[in-house]
There are 2 protein chains.
Amino acid sequence: MDRPTIDDVARAAGVTKATVSHAYSGKRPISATTKARVFAAAQRLDWVPSSRARALAARRTDAVGVVLSRDPTILASDAFFPAFISGVEAVLAEHEIALVLQVASSRTAEERAYRAMASGRADGVIVLDLHRVDWRVAYLRQIRLPAVLLGAYDAESPFSSVRTDDATPVRDLVARLREQGHTRIAHVSGPLDYVHSHARAGAYVRSVGSKELLREGDFTAGSGRALTAELLDLPDRPTAILYSNDTMAIAGFSYARSRGLVVPDDLAVAGFDDDHLSAHLSPALTSVFTDPFRRGRVAAERLLADLAGEPPESVTVDCNELRLRASTAGAAPEAPHTELEEEFS
Amino acid sequence: MDRPTIDDVARAAGVTKATVSHAYSGKRPISATTKARVFAAAQRLDWVPSSRARALAARRTDAVGVVLSRDPTILASDAFFPAFISGVEAVLAEHEIALVLQVASSRTAEERAYRAMASGRADGVIVLDLHRVDWRVAYLRQIRLPAVLLGAYDAESPFSSVRTDDATPVRDLVARLREQGHTRIAHVSGPLDYVHSHARAGAYVRSVGSKELLREGDFTAGSGRALTAELLDLPDRPTAILYSNDTMAIAGFSYARSRGLVVPDDLAVAGFDDDHLSAHLSPALTSVFTDPFRRGRVAAERLLADLAGEPPESVTVDCNELRLRASTAGAAPEAPHTELEEEFS
DNA sequence: ATGAAAGCGCTAACAA
DNA sequence: TTGTTAGCGCTTTCAT
């Protein structure tokens, strides 16, 4: 009454385990007739090969891992993650490969999680939220766990990576706002040690030529609100704010509104990541669609290629798309401080 | 240069594999001194037990599975799933148990996925999106895979379940709208073969006493829009619409607005699930917060208890909270058709 | 308190 | 084309 094993099937089909195994894997020629007998027997016995035994013998798990260093509570309000995972799954599902998820909120927990992956939970991992100097890159190399990095890692690394160009949409957005007459354009970034935050902030700084109105947030609504307050309290306040994600942008524009400012008339606002509800806000939020679904697909495909033995490769996905909406529409407000600026210049 | 095995550690510590194994599992008394020697050796050799070998020998994987029957692309725009998974992970992370995710978009693929879980990918599963008559319940029993069902399954089942009361907030909401003078209150449900959609729709029908203004959607923005159009085209159109999720509600009120209706003056609108941005829409969307994070926690805890040998149990989580916001504020519009109704009555 | 040895259910190298 | 057999690296029973 226990689950049948490969031996049961072999016996029922009048062959040996090896034949059964090969009938399924196709790793050696099996005559059509025996193959048919094997399959029939397996079907009759309702046999499913044990993934555990297979994993041990083949040193392969048929699973791909993701270790999340984010706090579980933050996961919930993030536009990127679910869509990215969907993209990954879309590829993995075709190959009947599972996705193993583990969250770890401390460095030691994270190391343990990666070691667990390496010890047989997964054949390779996708690394998210890459830092500019990321201990995980060296660590994964050390424990020899195949990996794909999501983001442009500058330092030498033996891993494939999936990159995007975050600079262009930021530059385009700044240019656009300039055309509308904005001269005081601020940026609320994510943590600057993340490669993606840093890339966006860097593009911003190069575009406006100054760090004066750059503020470092942490992607939470709280920081969006606090830093917006700080910027609006400036004697020469910005007339436009670019946020590094939609959550901060929305928190920011709610706050601005609570101070009596009208978006976009008094303050233009733009986000990043294009949450699926952002188009429905009013005013609708200008944002940058980054196609996390597609990036998930590409990352999964890249990892499977690596696991199949292809040499690592850096692929760049051209997916970012600036979506201009009402929150940045219209001309810049008659900046009350422009005269002041001129006085000082 | 290969990964060290338990034998290497045993040799280095001058004991046998059995001792090493027991030093870690604590399944038999080991003297403090040998234990110390073992741990020291393991540390020195940088040994991590192979989860594959352990899984095979112990018939346990230390992983919990979720098979998603949704299309991967839908996953992305759903308020429930990421938060639920976060809750699950919050519990699993404490026990260093992994979460195995697999999406399957056809029944056969789904069966394969569950069999893979049963064959060693996971020790048990959490079943989402329960149908009123759900083949998976019988199937999981047949393949003897421990499971926790999310939702109130009516038929006899050997599984634990995590239930919520979706009826009360619907009833409260209808009552509230009645007080405001609404007499034509419609409902756009999710697919009625889902237990949760059905529970909400059932509560609605019992509250309003009629199915006339009930429309069955599928939780997508498209169906929200289409069914809203249908309802608004009615000769005696509703003055309030309850949707079974926020996505449909938002699509619905965008559409209503495009027809020149003002929310909530001409049409009151309410959603379900309370997407994290719903409070920021304008008007802010009335919705029902269902605490998916907490339900995820409870489901994971329940599954771990089942796996530890406790008898299955149905737990009810009292988590639903009606959040009244501007989209249902104010009195019912002077219903343009009330006179008509009187003419006909 | 510890050792010896038999599996767990497959894969793959080696034979035939 | 198929059979034989030795692992894969653990856990666990049976001895001591």
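Computed over heavy atoms, backbone and side chain alike; hydrogens, waters and symmetry mates excluded. Chain letters run A, B, ... following the sequence lines, proteins first and then strands; every chain starts at 1.
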Worksheet item: Do A:Trp135 and A:Glu110 touch side chain to side chain, with heavy atoms closer than 4.5 Å?
Response: yes

Short side-chain N/O contact to [N] OP1/OP2 from [X], under 4.0 Å:
X: A:Lys27; N: C:dA12; answer: yes
X: A:Thr5; N: C:dG9; answer: no
X: B:Ser50; N: D:dG9; answer: no
X: A:Ser21; N: C:dT11; answer: yes
X: A:Thr19; N: D:dG3; answer: yes

Worksheet item: Contact class for B:Ser31 (heavy atom, under 4.0 Å): base, sugar-phosphate, or nothing?
Response: sugar-phosphate

Practice prompt. Assign B:Thr34 to base, sugar-phosphate, or nothing according to its heavy-atom contacts below 4.0 angstrom with the strands shown.
Written response: sugar-phosphate

Worksheet entry | Carboxylate-amine/guanidinium proximity below 4.0 Å for B:Arg107 and B:Glu111 | yes

Worksheet item: Could you give the CZ-to-C1' distance, from A:Arg52 to C:dT11, as a whole number of Å?
Response: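 In whole Å, C:dT11 C1' lies 18 Å from A:Arg52 CZ.
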
Practice prompt. Taking salt bridge (charged side-chain N to carboxylate O under 4.0 Å, His left out) as the test, write out the residues that go with A:Asp7, two or more places apart.
Written response: none

Discussion item. So, using salt bridge (charged side-chain N to carboxylate O under 4.0 Å, His left out) as the criterion, who are the partners of B:Asp193 when residues are at least two apart?
Written reply: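 Residues passing salt bridge (charged side-chain N to carboxylate O under 4.0 Å, His left out) with B:Asp193: none at all.
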
Practice prompt. Go through residues 53-62 of chain A and report each residue with a non-hydrogen atom lying under 4.0 Å from DNA chain D, sorted by number.
Written response: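 Output list: A:Leu56, A:Ala57, A:Arg59.
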
Discussion item. Quick check on side chain to side chain contact (heavy atoms under 4.5 Å, CB included): which of A:Ile126, A:Val88, A:Leu150 does A:Val66 satisfy it with?
Written reply: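 Only one of A:Ile126, A:Val88, A:Leu150 forms a side chain to side chain contact (heavy atoms under 4.5 Å, CB included) with A:Val66, namely A:Ile126.
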
Worksheet entry | Partner set under side chain to side chain donor-acceptor pair (under 3.5 Å) for B:Arg59, not counting sequence neighbours |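 Per chain and number, B:Arg59 pairs via side chain to side chain donor-acceptor pair (under 3.5 Å) with no residue.
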
Mind listing the N/O atom pairs, protein and nucleotides 13-16 of chain D, below 3.5 Å?
none

Worksheet item: B:Asp46 and A:Arg115: salt bridge (charged side-chain N to carboxylate O under 4.0 Å, His left out), yes or no, with the steps?
Response: CA-CA 11 Å; B:Asp46 202 26; A:Arg115 307 202 68 151; 3.1 Å; yes

Worksheet item: For the helix from C:dA1-D:dT16 to C:dA16-D:dT1, what angle lies between the axis at the first five pairs and the axis at the last five pairs, to 10 degrees?
Response: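 Inter-axis angle at the termini of the helix from C:dA1-D:dT16 to C:dA16-D:dT1: 30°.
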
